[in-house]
There are 2 protein chains.
Amino acid sequence: MLKLSKKADYGLMALKYLAEHPEPVALSAKDIADAYGIPAQLLAKILQQLTKSGLLRSHAGMNGGYALAKEARQISAYEVIHSIDGPFFITSCTKGANGCDLTPSCTIKEPLARVNETIAGVLKSISIQDLAEQEQPAGTPAQTLVTLTV
Amino acid sequence: MLKLSKKADYGLMALKYLAEHPEPVALSAKDIADAYGIPAQLLAKILQQLTKSGLLRSHAGMNGGYALAKEARQISAYEVIHSIDGPFFITSCTKGANGCDLTPSCTIKEPLARVNETIAGVLKSISIQDLAEQEQPAGTPAQTLVTLTV
DNA sequence: TAAACACGGACTGAACAAGTCGGATATTCA
DNA sequence: TGAATATCCGACTTGTTCAGTCCGTGTTTA
């Protein structure tokens with residue numbers, strides 16, 4: 001069905017939340033989980049993963065928590081999704097290590113690989129800050145993000 | 001992980017195969033399944049679904065089989081995927097009938113909805129014929145498919 | 001009539017996602 | 001120093017979805 005996992009959703013929400021609440025103190029996983037009503041333990045794992053990927057900085061102990069490791073503008077949705085869900089390929093046979101096992105080289109996925117790159121490009125062009133700047137002023141001119149050529 | 005189901009892959013492959021083998025006679029599900037080495041019964045179900053959606057025409061009985069209901073140029077990858085996998089939304093909470101159950105309106109997905117539309121647009125712009133015309137002549141100018149604005 | 005085909009429901013096994021549990025480690029504060 | 005609050009991390013359960021199979025029915029043609 002071509003959809004993100006809930007984990008990726010949670011991760012994006014959490015980063016957005018962190019971007020919206022700049023850092024007088026670090027926010028704990030529980031803080032964010034409570035704000036959105038999502039399972040705290042699950043979110044904690046996600047944030048740990050994002051920390052391992054270098055998108056967040058963590059601080060243990062009392063008054064510890066998480067903060068963005070970079071500016072919100074510097075973190076793309078792609079990085080978040082990639083960190084949580086791993087590399088994604090729109091084609092089922094990932095053409096990676098073992099290649100495709102279907103007999104005649106599955107010619108479908110060469111064009112679909114371009115679709116894949118397009119999606120990745122779109123996600124790379126969207127930053128956490130874009131997510132945080134939710135209410136776009138009415139008069140703001142739309143910004144071109146991606147132009148796909150085939 | 002944001003990937004297509006194998007069924008959708010199979011469906012695209014089958015339509016491509018039908019586009020490449022114009023219709024002196026209809027091709028049976030088994031013919032196509034054998035050509036690609038995929039389970040015949042599974043492919044049969046997929047083709048039945050595509051028939052129900054109006055993308056294929058079927059003919060029962062001996063020497064029966066399937067043929068494209070429209071020209072290959074008129075069938076988009078989007079239609080195929082939509083027919084097999086149903087409507088796809090990149091966001092987990094589909095914002096559809098029941099809305100999002102997360103407490104503060106999940107502000108993440110408004111921007112992601114645009115990503116979703118972009119993906120759909122890309123898939124809509126790719127036809128079965130595009131898949132069949134695998135070897136693109138080297139000199140062919142790239143064609144702009146989609147421009148996303150946010 | 002019999003073979004070859006589409007049609008369609010029900011079922012199984014495997015994989016995956018979502019969430020939980022329990023414990024270890026690190027840091028701060030009283 | 002000890003308690004409280006965190007991150008950290010692996011193992012586990014549960015539910016759902018995917019992929020594939022089985023089997024019976026209907027339809028067409030030789």
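Each chain gets a letter, A, B and so on, in the order its sequence line appears, and its residues count up from 1.
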Undergrad: In the structure I gave you, are the side-chain heavy atoms of A:Thr118 and B:Ile119 within less than 4.5 Å of one another anywhere?
TA: no
Undergrad: Can you find a side chain N or O atom of A:Ser58 that sits less than 4.0 Å from OP1 or OP2 on D:dC8?
TA: yes
Undergrad: Quick one: CD1 on B:Ile46 to OH on B:Tyr66, what's the gap to the nearest 0.5 Å?
TA: 10.5 Å
Undergrad: Atom CG of A:Leu42 to atom C1' of D:dT14: distance rounded to whole Å?
TA: 14 Å
Undergrad: Which is more 5' along DNA chain C, the nucleotide nearest A:Asn63 or the one nearest A:Lys45? Just name the residue.
TA: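 That would be A:Lys45.
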Undergrad: Would you mind telling me which of D:dG20, C:dC7, D:dT5 lies closest to the side-chain atoms of A:Met62?
TA: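 Of the options given, the side chain of A:Met62 lies nearest D:dT5.
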Undergrad: Using a 4.5 Å cut-off on heavy atoms from C-beta on, say whether the side chain of B:Ile128 contacts that of B:Leu55.
TA: no
Undergrad: Can you tell me how far apart CG (B:Leu123) and OG (B:Ser76) are? Round to the nearest 0.5 Å.
TA: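 Reported value, rounded in 0.5 Å steps: 8.0 Å.
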Undergrad: Ignoring the backbone of A:His59, work out which of C:dG22, C:dT28, D:dA6 is nearest its side chain.
TA: C:dT28
Undergrad: In whole angstrom, give the distance that lies between atom CD of B:Gln41 and atom P of C:dC11.
TA: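 Computing the B:Gln41:CD to C:dC11:P distance gives 16 Å.
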Undergrad: Starting the side chain at C-beta, find the nucleotide from C:dC5, D:dT21, D:dT7 nearest to B:Ser28.
TA: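 For the B:Ser28 side chain, the nearest candidate turns out to be C:dC5.
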Undergrad: Side chain of A:Thr51 only, please: which of D:dT21, D:dC8, C:dT28 is the nearest?
TA: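 Of the options given, the side chain of A:Thr51 lies nearest D:dC8.
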Undergrad: Base, sugar-phosphate, or nothing for B:Ala44, non-hydrogen atoms under 4.0 angstrom?
TA: nothing
Undergrad: What nucleotide, of D:dT7, C:dA18, D:dA19, holds the atom closest to the side chain of A:Ala60?
TA: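 Given the options D:dT7, C:dA18, D:dA19, the side chain of A:Ala60 is closest to D:dT7.
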Undergrad: How is A:Lys30 classified with respect to the nucleic acid when contacts are heavy atoms under 4.0 Å: base, sugar-phosphate, or nothing?
TA: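 Here A:Lys30 touches no strand at all.
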Undergrad: If I take atom CD1 from residue A:Ile84 and atom CG from residue A:Asp9, how far apart are they, to the nearest 0.5 angstrom?
TA: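 A:Ile84 CD1 to A:Asp9 CG: 9.0 Å, rounded to 0.5 Å.
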Undergrad: May I ask you to evaluate whether B:Tyr10 reaches the phosphate of D:dG20, defined as a side-chain N or O under 4.0 Å from OP1 or OP2?
TA: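 Checking B:Tyr10 against D:dG20: at least one side-chain N or O falls below 4.0 Å of OP1 or OP2.
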Undergrad: Without decimals, in angstroms, what is the distance between A:Ile84 CD1 and C:dC16 P?
TA: 18 Å
Undergrad: If you assign B:Gly65 and A:Gly61 each to the DNA chain C nucleotide with the nearest heavy atom, which residue ends up on the more 5' nucleotide?
TA: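 Result of the comparison: B:Gly65.
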Undergrad: Whole-Å distance between D:dA19 C1' and B:Met13 CE?
TA: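 Taking atom C1' of D:dA19 as the reference, CE of B:Met13 is at 13 Å.
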Undergrad: How close or far is atom P of C:dA4 from atom CG of B:Leu47, stated in whole angstroms?
TA: 20 Å
Undergrad: Quick one: which of D:dT7, D:dT21, C:dG8 gets closest to the side chain of B:Gln48?
TA: C:dG8
Undergrad: Starting at NZ of B:Lys52 and ending at C1' of C:dA6, how long is that distance when rounded to a whole Å?
TA: 13 Å
Undergrad: Round to a whole Å and report the spacing from CD1 of A:Ile38 to P of C:dA17.
TA: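 Rounded to whole Å, this separation is 17 Å.
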Undergrad: Charged N to carboxylate O below 4.0 Å: is that the case for B:Lys70 and B:Glu79?
TA: yes
Undergrad: From NZ of A:Lys7 over to P of D:dT16, roughly how many Å is that when rounded to an integer?
TA: 17 Å
Undergrad: When you measure from the side chain of B:Lys6, which nucleotide among D:dA11, D:dG20, C:dC7 comes out closest?
TA: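 Of D:dA11, D:dG20, C:dC7, D:dG20 is nearest to the side chain of B:Lys6.
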